[in-house]
Amino acid sequence: MTIREIAESLNANVCTKNDSLLEKDVEHAFGSDMMSDVLAYADEGSVLLSGLLNPQVIRTAHMLDMPCIVFVRGKLPTPEILMLAEESHIVVLSTPLRMYASCGILYTAGLDR
Amino acid sequence: MEDLLHYHYDVDGGNFASAGEASVQVKRVLRQMGFPPDLIRRVSIAMYEGEINMVIHAKGGDADVYLSPEQIRVVLKDVGPGIKDVALAMQEGYSTAPDNIRSLGFGAGMGLPNMKRYSDEMTVESTVGVGTTITLVFNAF
């Protein structure tokens, strides 16, 4: 599933300007507001879904080579967070959907774990 | 084993937003030097957890990274309050982090266990009231 397809299926806005990364293919996703748990359990290269909004979400994703973060519940990242994401080659999406619904849609679409 | 390269970073304890900058820089250096992606990821995650711990508990400290083709060694040294019971602190889920840190996504009691999980060797030297030094060793093979 490409990042573009993820954005479409979650009715999400693409917040970053690094559009060339939208065609990147991903296979896994991980949802959590606890970054320590993300670092402990997430597969490398997963899409990260989170309702937590601070720069450490971007850094956590960067450490795990995650190409995309989806902020759920309509959370809108600040310009500083978006700048950090673009520096880290990470696409940031924002969906009005809640965590449970977002994970369900992506799981049904084929993203596992 | 002889270290070929040494990198030093000051970890700023006053700014949670900037925590992790040293780990980002180390990740970049390791990539440039052509270390395998899996090894780079392990080093990055473990060092990042260490950096976060230094900011949460110890108002920052020093991070030193020593590189040789066979091994990467990360030494994280702070002059914070020290760890009273290291064995307890190593247990998953045990945390002394304040609530405001949990609201930032950390303090789940996974920091030290994660550092152990992702490194090949981990040594914790800590004295209450003096500080903590954590040494992480990663074998390149």
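Basis for what follows: all heavy atoms, side chains included, without hydrogens, waters or symmetry-related copies. Lettering of chains follows the sequences in order, A, B, ..., and the numbering in each one begins at 1.
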Does A:Asp65 offer a backbone N or O that forms a donor-acceptor pair with the side chain of B:Arg41 under 3.5 Å? no
Say you draw a straight line from OH of B:Tyr48 to CE of A:Met35; how long is it, rounded to the nearest 0.5 Å? 8.0 Å
Side-chain heavy atoms under 4.5 angstrom apart, residues restricted to Ile, Leu, Val, Met, Phe, Trp, Tyr: same cluster for A:Phe71 and A:Leu111? no
Roughly how far apart are B:Leu104 CG and A:Met34 CE, rounded to 0.5 Å? 9.5 Å
Cluster link B:Tyr94 to B:Met122, ILVMFWY, side chain under 4.5 Å: no
Taking B:Val55 as the starting point, is it possible to reach B:Met110 by hopping between hydrophobic residues whose side chains are less than 4.5 Å apart? yes
Given side chains that start at C-beta, do those of B:Glu21 and A:Arg59 come closer than 4.5 Å, heavy atoms only? yes
So A:Gln56 and B:Ile52, do their side chains get closer than 4.5 Å, heavy atoms only? yes
Which atom names give the shortest non-hydrogen contact between A:Ser36 and B:Gly107, and what distance separates them? OG-N, 4.1 Å
For the hydrophobic clusters of this structure (ILVMFWY residues joined by side-chain heavy atoms under 4.5 Å, transitively), does one cluster hold both A:Leu10 and A:Met1? yes
Would you say that more than 12 heavy atoms from the other residues, nucleotides or ligands in this model lie under 6.0 Å from the CD of A:Glu44, or not? no
Are there more than 12 heavy atoms of other residues, nucleotides or ligands under 6.0 Å from atom CG of A:Asn11? no
Residue pair B:Phe106 / A:Leu39, side-chain heavy-atom distance below 4.5 Å: yes
With a 4.5 Å heavy-atom cut-off, do A:His62 and B:Lys27 have their side chains touching? yes
According to a hydrophobic-cluster definition based on side-chain heavy atoms being under 4.5 Å apart (Ile, Leu, Val, Met, Phe, Trp, Tyr only), do B:Ile134 and B:Leu88 belong together? no
A:Thr60 side, atom OG1; B:Glu49 side, atom CD - distance, nearest 0.5 Å: 8.0 Å
At a heavy-atom separation under 4.5 Å, does B:Phe16 approach chain A through its side chain, its backbone, both, or neither? both
Taking NZ in A:Lys75 as the centre, count heavy atoms belonging to other residues, nucleotides or ligands within less than 6.0 Å. Is the count above 12? yes
In terms of heavy-atom contacts, A:Leu64 and B:Ile45 come closest through CD2-CD1, 3.4 Å
For B:Ser23 and A:Met63, the nearest pair of non-hydrogen atoms, with its separation, is CB-CE, 3.5 Å
Grab the two heavy atoms, one from A:Leu52 and one from B:Ser103, that are nearest each other, plus how far apart they are. CD1-O, 3.2 Å
